[in-house]
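Values reported hereafter were calculated over all heavy atoms of this structure, with side chains retained and with hydrogens, waters and symmetry mates removed. Residue indices begin at 1 and follow the sequence shown.
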Amino acid sequence: MAASTPTNAQSRSSSYDADDIIVLEGLEPVRKRPGMYIGSTGPRGLHHLVYEVVDNSIDEAMAGFATRIDVVIGTDNSVSVTDNGRGIPISKHPKKKISTLEVVLTILHAGGKFGGEGYKVSGGLHGVGVSVVNALSTRLDAEVMREGGIWEMSFARGKTTRKLTQTGKTRRTGTRITFWADEEVFETTHYDNDILTARLREMAFLNKNLKITFTDHRQRNEAGDGPFYEEYQYAGGIVDFAKYVNEGKDVLPGLSKPIYFSAEQENVGEIEFALQWNTTHYETTLAFANNIHTTEGGTHVEGFKNGLTKVLNNYARAKNLLKDKEDNMVGEDVRSGLTCIISVKLRNPQFEGQTKTKLGNTEIRSLAQSAVSQGLAEFLEEHPNPAREIVKKALEEKRVREAVSNYKKSQRKQKDATLPGKLARCSLKDPELTELYIVEGDSAGGSAKQARERSFQAILPLRGKILNIEKVNIHRSLSSESINTLITAIGTGIGEDFDIEKARYHKAIIMTDADVDGAHIRILLLTFFYRFMPQMIEHGYVYIAQPPLYRLSVGRKHNYIYSEDALKRELKTLPPETKYSIQRYKGLGEMDPQQLWETTMEPKSRTLLQVTIDDALAAEKVVSELMGDKVEPRKLFIQKHARDVRFLDI
């Protein structure tokens with residue numbers, strides 16, 4: 001059989017030679033694939049630009065050269081970050097033969113953090129840094145105060161537009177970077193004041209005595225006589241951090257001041273801890289490595305947990321608080337109600353993954369454990385009263401845990417055959433393909449069961465409002481039928497038995513009515529996931545369905561509307577004298593199955609909100625303040641945000 005001769009078109013499409021290899025130079029790769037460098041081009045990526053510039057200034061503070069950082073947002077959405085550090089070098093770079101400032105701002109992986117002596121400790125070791133900010137900005141101005149002069153340079157989308165020029169003289173030192181994020185790259189260029197203040201406050205806590213100011217010219221201060229302004233400076237460092245996290249909570253007697261201890265090892269690094277127990281039943285551990293929030297933990301957290309459990313068991317037995325015949329307390333017992341801040345600073349951090357969320361340095365594990373073994377043991381011996389309170393609380397949690405152990409054992413024995421009776425299961429078993437709709441009430445549950453695609457959509461109706469688990473201990477929570485049903489249906493288990501690999505669904509979708517009661521049930525369910533299964537949120541498995549509020553009918557044509565603003569816009573588009581009718585959906589049960597499928601469950605047409613935790617500290621504060629048993633924090637929150645309310649359902 002003769003070989004076929006390719007046509008001209010085939011030849012052109014299958015050619016592969018040197019001309020097909022595209023070389024992206026300078027900062028072109030960043031503009032080509034920005035998500036690879038900053039995570040996304042949405043709000044998270046936008047704020048990442050600010051973090052990168054601030055982190056450079058933080059590095060100067062960690063090195064002992066900067067004591068102040070000023071962050072300013074202009075009315076034109078520009079961001080300016082100024083520090084009083086040494087100033088980025090402006091002399092000619094020995095290899096690139098251009099100014100070092102230009103190297104830092106136009107070449108990826110350039111900086112004083114890669115083996116040189118510029119910084120002994122730094123958070124920016126993945127090397128994207130300020131050059132990426134330059135690439136993704138329509139304009140960036142750099143001003144350096146160094147060597148007796150003021151030096152300025154300008155760029156546009158990563159390209160130099162103004163060479164390094166001395167514009168004045170000064171005795172001061174430092175760097176100011178001002179940039180305008182590129183609207184062609186980002187979905188939005190509006191910075192969220194709350195996100196930035198939370199990040200800057202966190203940095204100030206982690207760097208004792210460093211002063212950070214934040215000015216936002218887009219917003220007026222409370223007095224109305226100037227721009228929004230806040231400053232953060234904490235002489236207590238992470239001790240103040242722990243107290244801040246515990247604001248509004250009752251701490252154990254004798255622990256009004258958090259426990260603090262630290263340790264240092266040559267050629268390894270230094271680590272510090274601040275611990276404070278409160279009367280709640282949930283642990284809040286915030287761990288950082290070189291100021292980077294390691295949300296997935298790592299060796300510093302592992303060493304801490306091992307040391308903590310061992311020290312408290314040894315103390316309890318030595319003081320005869322734990323009897324010989326009793327089993328040891330486990331980690332979840334001793335960490336119940338604990339707020340812990342861990343901060344480690346080391347020269348060569350090893351982060352697992354580009355996102356730097358887990359520390360991998362093995363030598364830090366032993367340093368952390370030995371620090372706890374010595375520092376906490378000394379505190380317990382020197383402060384017997386709070387020591388007994390800590391052990392007393394841990395023993396109470398131990399008894400609760402043992403009381404529910406039979407429940408957990410029975411749950412582990414249950415297989416698919418004993419899934420909750422109200423659960424309408426789907427036929428597919430692959431969790432990556434399946435969805436669990438958590439639905440409010442039997443009425444909506446019935447409609448959802450009829451509307452769903454049975455192959456991949458499961459329905460779990462819940463009767464009434466679930467328990468607010470923020471106010472009760474785990475024993476009380478697990479006595480709730482609704483909580484049991486949720487845990488069994490999802491399949492991961494909870495607490496130290498939690499296993500994300502056992503999740504039966506990679507989409508757990510909360511679907512409630514679009515009224516006040518529905519919003520309350522949503523919040524209760526989100527509190528459940530945050531406290532019992534935070535990994536489900538971290539892995540992106542939790543969603544909120546968006547059912548329509550209205551159906552606008554013009555003749556036989558129907559349009560579903562999801563907000564009051566959208567309805568007003570739609571009505572304005574109708575020609576005068578047009579006859580129309582509006583149906584307001586007060587509940588999911590008011591929609592027939594076909595409508596529910598088309599608007600809320602059909603993957604091609606529905607809108608789902610993915611639940612994320614961008615700021616663990618902010619999430620912890622909001623959950624504990626709004627869902628806890630103290631009234632005052634809720635009252636203050638309502639007073640602060642009352643003016644933000646647009647629609648009030650009474």
Does the side chain of V611 reach to within under 4.5 Å of the side chain of Y541, using non-hydrogen atoms? no
Side chains of W180 and D141: does their closest heavy-atom pair fall under 4.5 Å? yes
Nearest heavy-atom neighbours spanning R146 and I88: CD-O, 3.7 Å
Classify the ring geometry between H48 and Y51 as parallel (under 30°), tilted (30 to 60°) or perpendicular (over 60°). perpendicular
Close side-chain approach of F498 and Q535, heavy atoms under 4.5 Å: yes
Which atom names give the shortest non-hydrogen contact between T178 and S78, and what distance separates them? CG2-CB, 4.3 Å
Any salt bridge between R199 and D55, counting N to O under 4.0 Å? yes
Hey, does M329 have a side-chain heavy atom less than 4.5 Å from the side chain of T309? no
Of all heavy-atom pairs linking V372 and G307, the shortest is CG1-C, 3.6 Å
For K358 and E296, run salt bridge (charged side-chain N to carboxylate O under 4.0 Å, His left out): C-alpha distance rounded to whole Å, both residues' side-chain angles, the deciding distance at 0.1 Å, then the answer. CA-CA 5 Å; K358 189 172 185 178; E296 291 184 80; 5.9 Å; no
Between T197 and E230, does a side chain to side chain contact (heavy atoms under 4.5 Å, CB included) hold up when you go through it step by step? CA-CA 8 Å; T197 55; E230 284 189 353; 4.1 Å; yes
Could you tell me whether a side-chain N or O of S99 sits under 3.5 Å from a main-chain N or O of S91, the two making a donor and an acceptor? no
Do D216 side-chain atoms and F228 backbone N/O form a donor-acceptor pair below 3.5 Å? no
If I compare all heavy atoms of E60 with all of G87, which pair ends up nearest, and what's the gap? OE1-N, 4.3 Å
Taking only distance into account, with no hydrogens and no angle test, what donor-acceptor pairs under 3.5 Å do side-chain atoms of residues 271-280 form with protein atoms, sequence neighbours excluded?
{"residue": "E272", "atom": "OE1", "partner": "Y260", "partner atom": "OH", "Å": "2.6"}
{"residue": "Q276", "atom": "OE1", "partner": "N246", "partner atom": "ND2", "Å": "2.9"}
{"residue": "Q276", "atom": "NE2", "partner": "L255", "partner atom": "O", "Å": "2.7"}
{"residue": "Q276", "atom": "NE2", "partner": "S256", "partner atom": "O", "Å": "3.2"}
{"residue": "W277", "atom": "NE1", "partner": "V334", "partner atom": "O", "Å": "2.9"}
{"residue": "N278", "atom": "OD1", "partner": "T280", "partner atom": "N", "Å": "2.9"}
{"residue": "N278", "atom": "OD1", "partner": "T280", "partner atom": "OG1", "Å": "2.5"}
{"residue": "N278", "atom": "ND2", "partner": "N246", "partner atom": "OD1", "Å": "2.8"}
{"residue": "N278", "atom": "ND2", "partner": "G337", "partner atom": "O", "Å": "3.3"}
{"residue": "T279", "atom": "OG1", "partner": "D250", "partner atom": "O", "Å": "3.4"}

Using only atom types and a distance under 3.5 Å, with no angle test, would you say the side chain of N290 pairs donor to acceptor with the backbone of I292? no
Does any donor atom in the side chain of T67 or N209 lie under 3.5 Å from an acceptor atom in the other side chain? no
May I ask you to decide if V330's main-chain N or O and D333's side chain share a donor-acceptor pair within less than 3.5 Å? yes
Do F205 and Y244 have ring centres separated by under 6.0 Å? yes
Between L380 and L312, does the side chain to side chain contact (heavy atoms under 4.5 Å, CB included) criterion hold? Intermediate values first, please. CA-CA 9 Å; L380 297 176; L312 286 176; 3.8 Å; yes
Can you confirm whether Q610 is buried at CD, in the sense that more than 12 heavy atoms of other residues, nucleotides or ligands lie under 6.0 Å from that atom? yes
State, with a plain yes or no, whether a side-chain heavy atom of I494 is found less than 4.5 Å away from one of M533. yes
Side chain proximity check, N207 to I58, heavy atoms < 4.5 angstrom: yes
side-chain contact (heavy atoms from CB on, under 4.5 Å) test vs L338 passes for just one of L308, L252, T284, namely L308
Please name the residue in the list F288, F351, F241 that meets the ring-ring contact (aromatic ring centres under 6.0 Å, His included) test with H293. F288
Are the side chains of E102 and K96 in touch, meaning some heavy atoms are under 4.5 Å apart? no
Closest approach of T294 and L359, non-hydrogen atoms and distance? CG2-N, 4.2 Å
Using every non-hydrogen atom in the two residues, find where G269 and L367 come nearest and quote the distance to one decimal. O-CD2, 3.8 Å
So, does Q369 use its side chain to make a donor-acceptor pair with the main chain of F304 at under 3.5 Å? no
Hey, does L105 have a side-chain heavy atom less than 4.5 Å from the side chain of M153? no
Please identify each residue that fulfils side chain to side chain contact (heavy atoms under 4.5 Å, CB included) with S366, with sequence neighbours left out. none
So which of F179, Y37, F155 actually passes side-chain contact (heavy atoms from CB on, under 4.5 Å) with V133? F179
When you check the side-chain N and O atoms of R317 and N328, is any donor under 3.5 Å from an acceptor? yes
Pairwise distance OG(S131) to CG(L136) - rounded to 0.5 angstrom: 9.5 Å
So which of I69, T175, T82 actually passes side-chain contact (heavy atoms from CB on, under 4.5 Å) with S57? I69
Does I364 offer a backbone N or O that forms a donor-acceptor pair with the side chain of N361 under 3.5 Å? no
E397 and K393: CA distance, side-chain angles, deciding distance, salt bridge (charged side-chain N to carboxylate O under 4.0 Å, His left out) verdict: CA-CA 6 Å; E397 296 295 334; K393 177 172 176 56; 3.6 Å; yes
Taking it one step at a time, do Y315 and L376 satisfy side chain to side chain contact (heavy atoms under 4.5 Å, CB included)? CA-CA 10 Å; Y315 182 84; L376 182 58; over 6 Å; no
Verdict with supporting geometry, E381 and K319, salt bridge (charged side-chain N to carboxylate O under 4.0 Å, His left out): CA-CA 10 Å; E381 289 296 338; K319 302 302 180 183; 3.6 Å; yes
Just to verify, what does R172 make a side chain to side chain contact (heavy atoms under 4.5 Å, CB included) with, not counting sequence neighbours? M145, T170
